[in-house]
There are 2 protein chains.
Amino acid sequence: MKATIKDIARTAGISYSSVSRALNDLKGVSEQTRQKVKKIAEELEYTPNAVARGLVQKQTGTLGLILPDITNPFYPEIARGVEEQASLAGFNTFLCNTNYDLSKEESYLRNLIEKRVDGIILAPVSSHSNLFEQRKHMPVPFVYLGNTPERTKYSFVLTDNVRGGYLATRTLIEKGYRRIGFISGKDEESPVGGRFTGFKEAMDRYDIDINDDYIRFGNWRLKSGYDIIQQMIGAGIYPEAVFAGNDILAMGILQGIKEKGLSVPEDIAVIGFDDIPYASWPAINLSTIRQPKSRMGKSAVEILIEQLQTENRGGTMLKATKIILDPDLILRGTC
Amino acid sequence: MKATIKDIARTAGISYSSVSRALNDLKGVSEQTRQKVKKIAEELEYTPNAVARGLVQKQTGTLGLILPDITNPFYPEIARGVEEQASLAGFNTFLCNTNYDLSKEESYLRNLIEKRVDGIILAPVSSHSNLFEQRKHMPVPFVYLGNTPERTKYSFVLTDNVRGGYLATRTLIEKGYRRIGFISGKDEESPVGGRFTGFKEAMDRYDIDINDDYIRFGNWRLKSGYDIIQQMIGAGIYPEAVFAGNDILAMGILQGIKEKGLSVPEDIAVIGFDDIPYASWPAINLSTIRQPKSRMGKSAVEILIEQLQTENRGGTMLKATKIILDPDLILRGTC
DNA sequence: TGACAATGAGCAAACGTTTGTCTTACAAAC
DNA sequence: GTTTGTAAGACAAACGTTTGCTCATTGTCA
């Protein structure tokens, strides 16, 4: 923490620019000097100061990841993907939890820009925030992850929700179910719009009528799924299969069904969305549509890094990269 | 990203030191000038450069959190606690995943030191690494979280494992169980030593003999718990209650019991350790000993920040702070 | 042998702040 | 009218690097 490049220069009896060159393996120093410098650096327990370097190079080797809540089982895998890919490329990752607070999204953004991160990944609370769309220009490479506002001018990576919805529904249909329900959180909070679209497309494609009694929108909490299905069963009007807007909801539905004395998938089949880790636990064993979460995180980092390189070279802002990943069908025990 | 303090100074027609003072609400500038400067800063979309500030102040407003795997359900809550507390104090948090790789622990440490973080929280893979004990001195405030090496010279915060083990075992005893087993991962990888100690203390205290047939050490994966209990049941020699070294193991055990056609807690009662989020899901409903994970994260940050303040003031290194938090008994359906 | 390139090294200017010291002006106090 | 105090602001030195430029010195080639 103490020794600087100047200390090394002094004890080596050379200029500190040469020390810098020696340490960074740049040419302009003899092999002999290089060795000597490195040896002295070792002895002095020299640790390069990335802050100073960052100042002159205008690069900090840092990325920012803003997400709603690392405690939500959907995010840890994403964070891991991001961190891993970033680390591979020599970047450190700032973790920022907004706690589903829109205003925090903005303040973290400012905060990260002050810290001069080289790029920012934002997994927004809602896709309906156009907070960032209004800015003329991000001063740093920027990419949305997941909940992307429609027609954004920035880069994004997300899962093909329409295709996912279609896949889920088609699977139920092919298993022979006809009375199929859709239970979800509300549209405005999420890209579920696409999932519902996929649902409708599949039903249409197979010429099955949609029964509005089986379509319900609550919120995104487990209890919502639990309540809705119980209410349906209680009223005696319930589908033989349900596609849940996400896995948390699906788990609530599972629980609700069981507590009503019915069984899954015999009485009601269930399929979820996301494939959060819970889904694979034996006691739950939920069929679902997997979002490639780790891949999403990695792709986001790749976008940032590519943008960094091109931007530096060309000097001009390049077009936004848009990545839409395919979801996978994960068949387990609930349908 | 473009405008600097000098740009402001130029358009305001004053020296840039005055701009700095105006912006930071220091005295030495008239109210009038201050207003003017702030207005210009606004117009120029000035964003302070934290890197430059960090260089002169020798403080970056950054903490590092090194942990094995954010995907492991034990860590997200810790990370959240850390991030929240750090953010409250104006610090950003670097997330570093070692992927259970000891060498990465060290390289991340070096990495963070180069980045000149103001403090480091390390949740080690194993408590048996004395990699860091050998260093004469950490160049930055440092605290262990969780898996702390014995007799460390650094600060740490952990849960009282002995007490937790005692609590779990006493609970089983008070519920009337006598033939009690302990299934865990191996000692050398974790502080489970304490948990086993607590187990033995409780058994001793209530004068119950420990049956070695019921004590088993595998690894820390779910499958280990699953295999061990199935093997026990298969052999016809199994306890009426088992204390599992952690919740993951407990869930494997739960699964194993059910697949053998036995029921919980009627045939075998189970209690775990950690209280990972899974444990509270209705379908699992595991009784367990809760580690106050969020609290642990927050305490670690508090230690760092206090050390930061005292160190700056006194100029001398202060004593390590040692925090041992009490675990809580969480009674659910499995015992 | 002379011209020229390549090499090793030093000098100094950046990077964008904060902060200690110095100057000036003006008002209050004697 | 001189001293003293105070406030506003300017000046310049840091912080620890990287990097463009210059300058010898050496080696190469015709």
Side-chain angles (χ1 to χ4, degrees), chain A residues 1-38 40-41 44-62 90 111 113-118 139-140 312, chain B residues 1-38 40-41 44-62 90 111 113-118 139-140 312:
Chain A
M1 203 63 169
K2 210 61 177 308
T4 77
I5 232 176
K6 296 197 181 180
D7 297 321
I8 300 178
R10 196 176 314 118
T11 86
I14 60 176
S15 77
Y16 57 87
S17 56
S18 294
V19 173
S20 171
R21 292 192 170 95
L23 257 21
N24 292 307
D25 289 323
L26 299 174
K27 58 179 179 182
V29 272
S30 65
E31 197 46 38
Q32 191 189 359
T33 314
R34 193 186 302 282
Q35 296 302 337
K36 187 167 122 194
V37 165
K38 287 192 173 176
I40 295 178
L44 262 43
E45 296 185 12
Y46 168 74
T47 318
N49 183 327
V51 176
R53 176 185 299 140
L55 185 58
V56 19
Q57 294 191 150
K58 294 168 175 300
Q59 288 224 49
T60 53
T62 327
N111 174 218
I113 292 175
E114 287 193 8
K115 285 283 197 307
R116 294 300 191 264
V117 296
D118 295 328
V140 21
N312 282 357
Chain B
M1 202 66 168
K2 212 58 176 310
T4 78
I5 233 176
K6 296 196 182 181
D7 297 321
I8 300 178
R10 196 175 314 119
T11 88
I14 60 177
S15 77
Y16 56 88
S17 57
S18 294
V19 174
S20 172
R21 293 196 165 93
L23 257 19
N24 292 307
D25 289 323
L26 299 175
K27 60 179 178 183
V29 272
S30 66
E31 196 47 36
Q32 192 189 359
T33 315
R34 191 185 304 282
Q35 296 302 338
K36 188 167 120 194
V37 166
K38 288 192 172 177
I40 295 177
L44 264 41
E45 296 185 12
Y46 169 74
T47 317
N49 185 326
V51 176
R53 177 185 298 139
L55 184 57
V56 19
Q57 293 191 150
K58 292 167 176 303
Q59 288 224 46
T60 53
T62 325
N111 175 218
I113 292 174
E114 287 192 9
K115 285 283 197 308
R116 295 300 192 263
V117 296
D118 295 328
V140 20
N312 282 356

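In the text below, chain A, chain B and the rest are named by the order of the sequence lines, each starting its count at 1.
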For this session: Grab the CG-P distance between Leu55(A) and dA14(D) for me, whole Å please.
Result: 17 Å
For this session: Ignoring backbone atoms, test whether Ser18(A) places a side-chain nitrogen or oxygen under 4.0 Å from the OP1 or OP2 oxygen of dG8(C).
Result: no
Exercise. Does OP1 or OP2 of dT17(C) have a side-chain N or O of Tyr46(B) closer than 4.0 Å?
Worked result: yes
For this session: Kindly say whether, by distance alone, the side chain of Arg34(B) makes a donor-acceptor pair under 3.5 Å with the base of dG9(D)?
Result: no
Problem set entry | Side-chain-base donor-acceptor pair under 3.5 Å for Ser15(B) and dC11(D) | no
For this session: Could I get the full list of side chain to side chain donor-acceptor pair (under 3.5 Å) partners for Lys115(A), not counting sequence neighbours?
Result: Asn92(B)
Exercise. What's the CG-P distance between Leu23(B) and dT17(C), to the nearest Å?
Worked result: 9 Å
Exercise. Given dT18(D), is OP1 or OP2 found less than 4.0 Å from the side-chain N or O atoms of Asn24(A)?
Worked result: yes
Exercise. Mind checking whether Thr4(A) and Asn49(A) have side chains closer than 4.5 Å, heavy atoms only?
Worked result: no
For this session: Starting from the 5' end of DNA chain D, give me the residue, Lys27(B) or Ser20(A), whose nearest nucleotide shows up first.
Result: Lys27(B)
For this session: Have a look at Leu26(B) and say if it touches a base, only the backbone sugar-phosphate, or nothing, with a 4.0 Å heavy-atom cut-off.
Result: nothing
For this session: Compare side-chain N and O positions of Ser30(A) against OP1 and OP2 of dA9(C) and report whether any pair is under 4.0 Å apart.
Result: yes
Seminar exercise, completed: Taken in chain and number order and not counting sequence neighbours, the residues that satisfy side chain to side chain donor-acceptor pair (under 3.5 Å) with Gln57(A) are none
